[in-house]
K.L.:
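Here it is: the structure, laid out below.
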Amino acid sequence: MTDLLDALRSRHSSRVPFDSTRVVASHDLQLILDAARWAPTPHNMQNFEIIAVDDPALIEAIGDISSTVTLEFLRENYEQVSSSDEELARRKVGISARGFPPAWLDPATWEDLPASREFTRTLHESLLGCPVLLVVLYDAERRAPASQGDSLGLMGLGCVLENMWLRAQSLGISVQVLASLAGSEVEPALAKLLGIPDRMRVAFGCRLGYPLADTISGLRVRREIRDFAYRNVYGNPTSQTTP
Ligand SMILES: Cc1cc2nc3c(=O)[nH]c(=O)nc-3n(C[C@H](O)[C@H](O)[C@H](O)COP(=O)(O)O)c2cc1C
């Protein structure tokens with residue numbers, strides 16, 4: 001049990017450059033896909049497919065795909081990021097502003113959108129040398145019975161993600177989720193490059209690899225148990241102590 005808790009706590013996002021010359025062994029990739037295979041899904045519908053892209057030429061072509069950040073993203077991101085580690089530690093939710101271009105954090109510049117180059121990025125800036133990119137797909141024409149908006153199916157995709165993430169991490173392979181692969185500009189370009197059928201939607205991507213030696217990861221924060229869990233009645237603490 002201690003091992004499981006350690007694995008859950010040490011799983012983390014690697015938003016750092018990976019060593020593009022260090023491949024992920026085919027056996028390890030199969031172990032990660034096997035973890036996806038055993039994920040729980042609603043009605044056991046297994047509503048996902050995964051393309052593991054490890055052809056360097058294809059990864060290069062995916063990197064050339066560009067997209068412009070939306071005003072919606074900028075506004076909501078601005079609300080949630082913290083400008084310092086102290087602020088992040090105090091808030092206990094959200095992520096650090098570090099890593100976002102300065103213009104994305106300055107509402108005064110947003111009126112230049114989309115003319116300004118600041119708001120257009122290529123996927124090269126996200127892939128950062130990854131030797132393997134997993135593209136996770138789901139079938140938009142199927143859903144769990146009576147699941148409005150396929151919310152249950154989407155939860156299943158989250159389980160697929162967590163299974164793969166924990167397995168990769170246990171193998172010493174770092175992971176970063178790339179939600180931008182499902183964006184309205186990126187998805188069609190990706191579908192064309194990878195031959196994805198029309199009925200399949202891109203859910204998210206995962207870059208896998210080994211960080212370059214001299215990279216650091218940022219502060220990770222979480223709420224206390226008392227901030228989100230209650231006993232019997234809303235607001236009633238479950239315990240006086242945090243493990
Ligand atoms: C559905 C989902 C989408 C995410 N999208 C991104 C993303 O696009 N880019 C990124 O760097 N992290 C992404 N993340 C990672 C979260 O930001 C991260 O898990 C969270 O900040 C907690 O940090 P940790 O993973 O280091 O514990 C995503 C996570 C989930 C579950």
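Just so we're clear, the structure is a prediction, and the values are computed from it rather than from any experiment. In listed order, ligands and their atoms are each counted from 1.
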K.L.:
Quick check: closest heavy atoms across S147 and S151, and the distance to 0.1 Å?
P.N.:
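Answer, listing the atom of S147 first, then S151: OG-N, 3.2 Å.
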
K.L.:
Heavy atoms under 4.0 Å from ligand 1: which residues qualify?
P.N.:
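These residues qualify: R11, H12, S13, R15, I95, L161, W165, Q176, V177, L178, A179, R220, R222.
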
K.L.:
Checking S13 now: which residues fulfil side chain to side chain contact (heavy atoms under 4.5 Å, CB included) with it, not counting sequence neighbours?
P.N.:
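S13: side chain to side chain contact (heavy atoms under 4.5 Å, CB included) contacts with R15, W165.
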
K.L.:
I'd like to know if R91 pairs up with E87 as an ion pair, taking the criterion as any Lys NZ or Arg NE/NH1/NH2 lying under 4.0 Å from an Asp or Glu carboxylate oxygen.
P.N.:
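Yes, R91 and E87 are salt-bridged.
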
K.L.:
So does D28 pair up with R167, basic N to acidic O under 4.0 Å?
P.N.:
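A salt bridge is absent here (no side-chain N lies under 4.0 Å from a carboxylate O).
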
K.L.:
Tell me whether R9 is salt-bridged to D6, with the criterion being a basic N under 4.0 Å from an acidic carboxylate O.
P.N.:
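D6 and R9: not salt-bridged.
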
K.L.:
Looking at every heavy atom in both I59 and L127, which two are closest together, and how far apart are they?
P.N.:
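Result for this residue pair: O-CD1, 3.7 Å.
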
